[in-house]
Colleague: 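Would you mind keeping the following structure in view while I ask a few things?
Everything quoted here is computed from the prediction, not taken from an experiment. Just so it is clear, the values below take in all heavy atoms, side chains as well, and ignore hydrogens, waters and symmetry mates. Numbers restart at 1 for each chain; the letters A, B, ... are given by sequence-line order, proteins then strands.
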Amino acid sequence: MPELPEVETIVAQLKQKIIGNKVIKVEVLDSLVEPKIKDLTPFRFIDVRRRAKYIIMCLDNGKYFLVHLGMTGLFYFVEKAQLEQKKKCYQPHLLATFTFNDGSILTHNSVRKIGSFRLMEEKELNMALSKLGPEPLDSEFTLGKFKEMLTQKSRAKVKVTLMDQSFIAGIGNIYAQEALYHAGINPERKIGSLNSTETKKLYESIILVLKEGIKHKGTSVDEYIHLEGAGENQKYLRVYRKKKCPQGHLLKKEAMGGRGTSYCPVCQK
DNA sequence: CAATCGTCCTGCGGGC
DNA sequence: TGCCCGCAGGACGATT
């Protein structure tokens, strides 16, 4: 599922491929968006950004596409010369198509359609993003800041809190489990029970597993691929969808916050 | 305030 | 062999 590292990877590649290109045609298969895209073209993309798990595509007319990939959202960028031979890759589960003046296309696809693709004015965009917590890879996210944030949540379970987008942005079920294993913390622990050493370790582990994810261009389990193929981070996972931890201990799997959660009863205290 | 549940959606794998 | 069931889960709103 696309979390911070997956979205970061896609955004970096979109920047390379679409900034400055003139869009001459847009099709979005969503009854809420369709009326809004009348008379939108032509326009150019002037920037692509990430906030939490959202992709923000900035248009040169002051409008924005705010995209959430849900669990199965993908982008394909196809050069004009390859449109025919690559049909099988970009046709299934098609939700949106941008056609550029050089004949290349950008498509958005999603098997389960649990995501969103909205055209917004700046005010709406800021409203939609206003409730998100801090970015874990920002320089402003310091250990001191993290400790201060945790004091507001002392009775909540640590795993559920890491996945709370209003608490901290961009962490989902994969990287929450990976960070907790790396930090040696049981996902069911209450925030208030973490001592100073554990808090520091968790802070460092969050940053480490997210950076690992970006370095490997995301985790390709189920549908996720980036614009140039599959990610590699699934090769480096420690507990997510695993039977044993790297130490060889049998993992436990329990539902937490309605999500499957694997953890090691030996390594994670 | 915390936690859970239902909702959206569809492919796939397990079980019989 | 084929079919049905349930699981996978990000975000959000309602409920406990």
Colleague: Side-chain N or O of A:Lys253 versus OP1/OP2 of C:dA8: is the shortest distance under 4.0 Å?
Modeller: yes
Colleague: Using whole Å, what does the distance between atom P of nucleotide B:dA2 and atom CE of A:Met256 come to?
Modeller: 17 Å
Colleague: How many whole angstroms separate atom OH of A:Tyr175 from atom P of C:dG10?
Modeller: 12 Å
Colleague: Does this structure show an ion pair linking A:Glu212 with A:Lys235, if we count only N-O contacts that are shorter than 4.0 Å?
Modeller: no
Colleague: Identify whether the distance between the nearest side-chain nitrogen and carboxylate oxygen of A:Asp102 and A:Lys22 falls below 4.0 Å.
Modeller: no
Colleague: Considering only C:dA8, C:dG10, B:dC9, which nucleotide approaches the side chain of A:Tyr240 most closely?
Modeller: C:dA8
Colleague: Check the orientation of A:Phe65 and A:Phe98. Use parallel for under 30°, tilted for 30 to 60°, and perpendicular for over 60°.
Modeller: perpendicular
Colleague: Return the OG to CZ distance between A:Ser205 and A:Arg238, rounded to the nearest 0.5 Å.
Modeller: 8.0 Å
Colleague: What is the distance, to the nearest angstrom, from the CG atom on A:Asp222 to the C1' atom on B:dT10?
Modeller: 12 Å
Colleague: Kindly say if A:His93 contacts the phosphate of B:dT10, meaning a side-chain N or O under 4.0 Å from OP1 or OP2.
Modeller: no
Colleague: Pick out which of A:Lys147, A:Arg189, A:Lys190 makes a salt bridge (charged side-chain N to carboxylate O under 4.0 Å, His left out) with A:Glu198.
Modeller: A:Arg189
Colleague: Is A:Gly115 touching bases, backbone alone, or none of the nucleic acid, heavy atoms closer than 4.0 Å?
Modeller: nothing
Colleague: If you only use heavy atoms from C-beta on, which nucleotide in B:dA2, C:dG10, B:dT10 is closest to the side chain of A:Arg155?
Modeller: B:dA2
Colleague: Rounded to the nearest angstrom, tell me the gap between atom CZ in A:Arg241 and atom P in B:dG13.
Modeller: 11 Å
Colleague: Starting at atom NZ of A:Lys157, determine the distance to atom C1' of B:dA2, rounded to an integer number of angstrom.
Modeller: 10 Å
Colleague: For the helix from B:dA2-C:dT16 to B:dC16-C:dG2, what is the angle between the axes at its two ends, each from 5 pairs, rounded to 10°?
Modeller: 60°
Colleague: If you only use heavy atoms from C-beta on, which nucleotide in B:dA3, B:dC9, B:dT10 is closest to the side chain of A:Lys190?
Modeller: B:dA3
Colleague: Just the rounded figure in Å: distance from C1' of C:dG10 to CD1 of A:Ile168.
Modeller: 17 Å
Colleague: So which protein nitrogen or oxygen atoms get under 3.5 Å of nucleotides 12-14 of chain C's nitrogens or oxygens?
Modeller:
none

Colleague: Checking A:Lys269 against A:Ile185 for the side chain to side chain contact (heavy atoms under 4.5 Å, CB included) test, could you report, in this order, the C-alpha distance in whole Å, the side-chain angles of both residues, the deciding distance, and whether it holds?
Modeller: CA-CA 5 Å; A:Lys269 297 296 180 191; A:Ile185 296 169; over 6 Å; no
Colleague: Between atom CE in A:Met71 and atom P in B:dC8, what is the gap in whole Å?
Modeller: 13 Å
Colleague: For the side chain of A:Ala156, starting at C-beta, report the closest nucleotide among B:dC9, B:dG11, B:dA3.
Modeller: B:dA3
Colleague: Listed by chain and number, what are the side-chain hydrogen bond (donor to acceptor under 3.5 Å, both in side chains) partners of A:Ser220, not counting sequence neighbours?
Modeller: none
Colleague: State whether A:Glu6 and A:Arg50 are salt-bridged, where the test is any N-O pair (Lys NZ or Arg NE/NH1/NH2 against Asp/Glu carboxylate O) under 4.0 Å.
Modeller: no
Colleague: Ignoring the backbone of A:Val111, work out which of B:dG11, B:dA3, C:dG9 is nearest its side chain.
Modeller: B:dG11
Colleague: Rounded to whole angstrom units, what separation is found between the CZ atom of A:Arg112 and the P atom of C:dC7?
Modeller: 14 Å
Colleague: Is there a side-chain contact between A:Leu150 and A:Phe167, using heavy atoms and a 4.5 Å cut-off?
Modeller: yes
Colleague: Any heavy-atom pair between the side chains of A:Leu180 and A:Leu162 that's under 4.5 Å?
Modeller: yes
